[in-house]
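Just below is one structure, and these are the notes that go with it.
Below, all heavy atoms of this structure are taken into account, side chains as well, without hydrogens, waters or symmetry copies.
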Amino acid sequence: MTALNDTRFNSVVFLLTGIPGQEDIYLWISVPFCLMYVISIIGNSVIVFIIKTDPSLHEPMYIFLSMLAVTDLGLSVSSMPTILGLLWFNSRKISLNACLAQLFFIHSLSFIESSVLLSMAFDRFIAIRDPLRYVSILTPPRIAKMGLVFVLRTVVLILPLPILLKQFQYCQNNVLSHSYCLHQEVMKMACSDIRVNIIYGLFIIVATVGLDSLLILLSYVMILRTVLSIASHAERLRALNTCVSHLCAVLLFYTPMIGLSVIHRFGNGSSHLLQILIGYIYLLVPPLMNPIVYSVKSKHLRKGIL
């Protein structure tokens, strides 16, 4: 019986979907995708290298930025093989085990990035509210513990997803809507009862992205209260200017992520092309834009890059 089950699981194959109707020009479409990946990997690697090698950047804000860059690197690497494989070689097939591994890393890294963005909001609040104690509050050991908590929380919450999906039986029509694997898509391919996955998946979204975004909003409410209490208009603008990069990162990350989650759960009548477009924005744009935004806004990073 065990041998039969293993054979059944290993024989499950999913078919990835690129951009329907554009198969003849996949090679040309792959050029901007490849450029985005190269820029993302080089940009985030350069930021990590500069922050690691420059002692003047060993401050809380830049340590959190290096954590964000490492997470973006992971997101790029975890999604790149299947997307470029489909565009270059029309490689649509992916095994169940490979699909489960990919969705585990994509979801885990996405939720870790959400946690890092929350910690960066807290960092900006402390820097504006209590600048004299900023370095003493956010010490490197404390930041390391925060990072460890983020990883442990994510792994504990995400690990049950591939384990649950592994137990299901899958139908013959295993065509996914994207060129990579997501939990909310794979579970719909199952012929089994998926109510547990639906409820647990919704719980994870609320407990991670929902809670993090709410706390980020609360942090900015407190930041605004602090800024408005500053007498000098120039000092207000200077304080708010330190938050611009983080706000851009928050919007780049949460907007497509929430949009994709809503479409998959409630948008049965939505355009398939819209799903694909938001899916690519969700995975490709934040890792691409975060290094650019922070490099433009931070003169210390610009100096290091030059």
Working note: S30 + L27, criterion side-chain contact (heavy atoms from CB on, under 4.5 Å); need CA distance, chi angles, decisive distance, verdict.
CA-CA 5 Å; S30 71; L27 192 60; 4.2 Å; yes
Say whether L274 and L284 are linked into one hydrophobic cluster, either directly or through other cluster members, by side-chain heavy-atom distances under 4.5 angstrom.
yes
Would you call the rings of H246 and Y220 parallel, tilted or perpendicular, where under 30° means parallel and over 60° means perpendicular?
parallel
Does the side chain of V13 come within less than 4.5 Å of L96's, by heavy atoms?
no
Determine, step by step, whether M120 and M61 satisfy the side-chain contact (heavy atoms from CB on, under 4.5 Å) criterion, reporting the C-alpha distance in whole Å, the side-chain angles of both residues, the deciding distance to 0.1 Å, and the verdict.
CA-CA 7 Å; M120 294 174 83; M61 181 181 75; 5.9 Å; no
For L16 and S91, work out which heavy atoms get closest and say how close.
CD1-O, 4.4 Å
Regarding T82 and Q102, is there a side-chain donor-to-acceptor distance under 3.5 Å anywhere?
yes
With sequence neighbours left out, what residues match S179 under side chain to side chain donor-acceptor pair (under 3.5 Å)?
Y280
Check whether any side-chain heavy atom of L75 lies under 4.5 Å from a side-chain heavy atom of F105, and answer yes or no.
no
Return yes if a side-chain donor-acceptor contact under 3.5 Å exists between Y37 and S79, otherwise no.
yes
Side-chain heavy atoms of T17 within contact of V175, under 4.5 Å:
yes
Is there a chain of hydrophobic side chains (I, L, V, M, F, W, Y, each step under 4.5 Å between heavy atoms) that links I204 to L211?
yes
With sequence neighbours left out, the residues meeting ring pair (Phe, Tyr, Trp, His ring centres under 6.0 Å) with Y62 are none
With L301 as partner, the option from V46, I51, D54 fulfilling side-chain contact (heavy atoms from CB on, under 4.5 Å) is I51
Just grab all the disulfide bond (SG atoms under 2.5 Å apart) pairs involving residues 275-306, residues at least two apart or on different chains.
none
Residues clustering with V244 (ILVMFWY side chains joined when closer than 4.5 Å, directly or via others):
none
Check: L15 and N174 side chains under 4.5 Å, non-hydrogen atoms:
no
Contacts satisfying salt bridge (charged side-chain N to carboxylate O under 4.0 Å, His left out) that involve residues 210-234 (not counting sequence neighbours) are R153-D212
With sequence neighbours excluded, tell me which residues meet side chain to side chain contact (heavy atoms under 4.5 Å, CB included) with R195.
D193
Under the rule for side chain to side chain donor-acceptor pair (under 3.5 Å), what residues qualify as partners of H178, not counting sequence neighbours?
H264
Is there a path of hydrophobic side-chain contacts, each under 4.5 Å between heavy atoms of I/L/V/M/F/W/Y residues, joining I29 to L273?
yes
Do Y254 and S114 have side-chain atoms, one donor and one acceptor, less than 3.5 Å apart?
yes
Could you verify whether a donor N or O on one side chain and an acceptor N or O on the other, from S177 and E185, lie under 3.5 Å apart?
yes
Output every pair passing ring pair (Phe, Tyr, Trp, His ring centres under 6.0 Å) with a member in residues 112-145, not counting sequence neighbours, ordered by first then second residue.
none
Under 4.5 Å between side-chain heavy atoms, hopping through other hydrophobics if needed: is there a path connecting I137 to I223?
yes
Any pair counted as disulfide bond (SG atoms under 2.5 Å apart), so long as it reaches residues 200-252, sequence neighbours left out
none
Specify the closest pair of heavy atoms between C181 and V186, including all atoms of both residues, with the distance to one decimal.
CB-CG2, 4.3 Å
Listing, residues 230-238 side-chain donor-acceptor contacts under 3.5 Å, not counting sequence neighbours, or none:
| from | atom 1 | to | atom 2 | distance (Å) |
| --- | --- | --- | --- | --- |
| S232 | OG | A234 | N | 3.4 |
| S232 | OG | E235 | N | 3.4 |
| E235 | OE2 | R238 | NH1 | 3.0 |
| R236 | NE | I230 | O | 2.8 |
| R236 | NH2 | I230 | O | 3.2 |

Please go through V48's hydrophobic cluster and name the other residues, only I, L, V, M, F, W, Y counting, with side-chain heavy atoms under 4.5 Å joining them.
V70
Heavy-atom count around R92 CZ within 6.0 Å, excluding the residue itself: above 12?
yes
Is there a path of hydrophobic side-chain contacts, each under 4.5 Å between heavy atoms of I/L/V/M/F/W/Y residues, joining F203 to L214?
no
Side chain to side chain, M257 and S110, heavy atoms closer than 4.5 Å:
yes
Can you list the residues that meet the side chain to side chain donor-acceptor pair (under 3.5 Å) rule with S40, with sequence neighbours excluded?
none
Start with the C-alpha gap between L164 and N197, add the side-chain angles, then the distance that decides, and say whether side-chain contact (heavy atoms from CB on, under 4.5 Å) holds.
CA-CA 7 Å; L164 288 170; N197 281 63; 3.7 Å; yes
Roughly how far, to the nearest 0.5 Å, is CG of L118 from CD of E113?
12.5 Å
So, S298 side chain and S295 main chain: donor-acceptor pair closer than 3.5 Å or not?
no
Contact between V285 and F253 at the side-chain level, heavy atoms closer than 4.5 Å - yes or no?
no
Between I106 and Y282, is any pair of side-chain heavy atoms under 4.5 Å apart?
yes
